[in-house]
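Counting convention: from 1, in listed order, for ligands and their atoms alike. Residues: numbered from 1 along the sequence shown.
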Amino acid sequence: MHFMTALEAAWQQRNSLLCVGLDPDPVKFPAHLQGCPDAILEFCKAIVDATADLVCCFKPQIAYFAAHRAEDQLEALIEHIHTAHPDTPVILDAKRGDIGSTAEQYAIEAFERFKADAITVNPYMGRDSVDPYLAYPDKGVILLCRTSNPGGSDLQFLEVDTPKGRMKLYEHVARTVAEDWNASGNCGLVVGATFPAEIARVRELTGDMPLLVPGIGAQGGDIAATLVAGRTAKGGGLMINSSRAVLYAGKDEDFAEAARKVALDTRDAINAHR
Ligand SMILES: O=c1ccn([C@@H]2O[C@H](COP(=O)(O)O)[C@@H](O)[C@H]2O)c(=O)[nH]1
């Protein structure tokens, strides 16, 4: 199924714009999982099973698995999501960016090895570095546009001359993706919740294109401002990510229940502003 079709269905069926980010950090795991051989998988499966009915997608961040030699656990986790929660798209947050021949390998890794439904990609090496992902027309390709970190302004906020006039670099990325790279309708953009004015500008430039919005929760982004800036006319179009605030809501054996409670409250806080 096309990533956008699956996402649209999940938005509607779950009545949720919440994306739970899976950033497993073993030092933050509850005591009973410390030292367990597949602790990363067990931790993430518990979070997934406790929150799947509350989310429109999950977003595992590959660095948290690779850093602990746990790519096999990432594979098993995505397989688990597809089997146990088959209507829940998985975005592999890898932020890949490299020359075309290497990007081909990254695309194989994301879509054929890990079987992700979508991937985050850094567009700043240009179109040929993104083409290998776009060659999978049913898979989502979510491009960094205006990232949530303070240093995102260092480059993304620079004024550049473009064939369409002078604008900020992130605006040029948004316009280029919407007008040129999205021929298969499989592109989305990353815009941080920490910058609501730029979310509004990206929405203005891209119509109803899905936006992945990290930065609420641990990074302090404002949910109401995010919704006002980024919702489409139908009150959707957003995958609003929260990772640490959900994952580490509890420290004990009932951590998954604590995560569910925060996910439920976050979903409802988002829905209050749609
Ligand atoms: O601009 C960006 C792009 C990606 N991220 C990722 O989202 C999560 C955020 O985690 P929190 O714990 O909710 O802060 C994390 O995986 C980042 O790598 C981002 O934060 N900003």
Among all protein heavy atoms, pick out the one at the shortest distance from [atom]; state its residue, atom name and that distance to 0.1 Å.
atom	result
atom 12 (O) of ligand 1	R244 NE, 2.6 Å
atom 15 (C) of ligand 1	D23 OD2, 3.1 Å
atom 13 (O) of ligand 1	S243 N, 2.9 Å
atom 18 (O) of ligand 1	K95 NZ, 3.4 Å
atom 20 (O) of ligand 1	Q219 NE2, 2.8 Å
atom 7 (O) of ligand 1	K59 NZ, 3.3 Å

Taking only heavy atoms of [X], which atoms of ligand 1 are found under 4.0 Å from at least one of them?
X	answer
P214	1 (O), 2 (C), 3 (C), 4 (C), 5 (N), 7 (O), 19 (C), 20 (O), 21 (N)
Q61	16 (O), 18 (O)
S148	1 (O), 2 (C), 19 (C), 20 (O), 21 (N)

Report task. Report yes if the distance between the aromatic ring centroids of Y133 and Y106 is under 6.0 Å, otherwise no. Result ->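 Centroid distance Y133-Y106: not below 6.0 Å, so no.
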
**Report entry** Carboxylate-amine/guanidinium proximity below 4.0 Å for K95 and D93
**Finding:**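 The answer is yes: the pair qualifies as a salt bridge.
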
Query - Sidechain N-carboxylate O distance under 4.0 Å for K261, D265 - result: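 Salt bridge: yes.
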
Query - Interatomic distance, F58 atom CZ to T88 atom OG1 [nearest 0.5 angstrom] - result: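 Between atom CZ of F58 and atom OG1 of T88 there are 6.0 Å.
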
Query raised in the report: So, does R146 sit close enough to ligand 1 that a heavy atom of it is under 4.0 Å from the ligand?
Result: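 Distance cut 4.0 Å: R146 fails for ligand 1.
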
Report task. Only pairs at least two apart or in different chains count here, so list each ring pair (Phe, Tyr, Trp, His ring centres under 6.0 Å) that has a residue in residues 66-97. Result ->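 Every ring pair (Phe, Tyr, Trp, His ring centres under 6.0 Å) pair that includes a residue of residues 66-97, provided the two are not neighbours, is H80-H85.
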
Requested in this report: Have a look at ligand 1 and work out which part of D93, if any, has a heavy atom under 4.0 Å from it: side chain, backbone, both or neither.
Outcome: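 Looking at D93 and ligand 1, just side chain atoms fall under 4.0 Å.
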
**Report entry** Min side-chain heavy-atom separation K139-F111 under 4.5 Å
**Finding:**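 With C-beta onward as the side chain, the pair touches.
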
Requested in this report: I would like to know whether E179 and K164 meet salt bridge (charged side-chain N to carboxylate O under 4.0 Å, His left out); could you show each step before the answer?
Outcome: CA-CA 12 Å; E179 295 178 4; K164 298 247 165 108; 2.6 Å; yes

Query raised in the report: Looking only at N/O atoms, are T147 and ligand 1 under 3.5 Å apart anywhere?
Result: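 No, T147 has no N/O under 3.5 Å of an N/O on ligand 1.
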
Query raised in the report: Taking only residues two or more places apart in sequence or in another chain, which ones pass ring pair (Phe, Tyr, Trp, His ring centres under 6.0 Å) with H172?
Result: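 Result, ring pair (Phe, Tyr, Trp, His ring centres under 6.0 Å) vs H172: none returned.
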
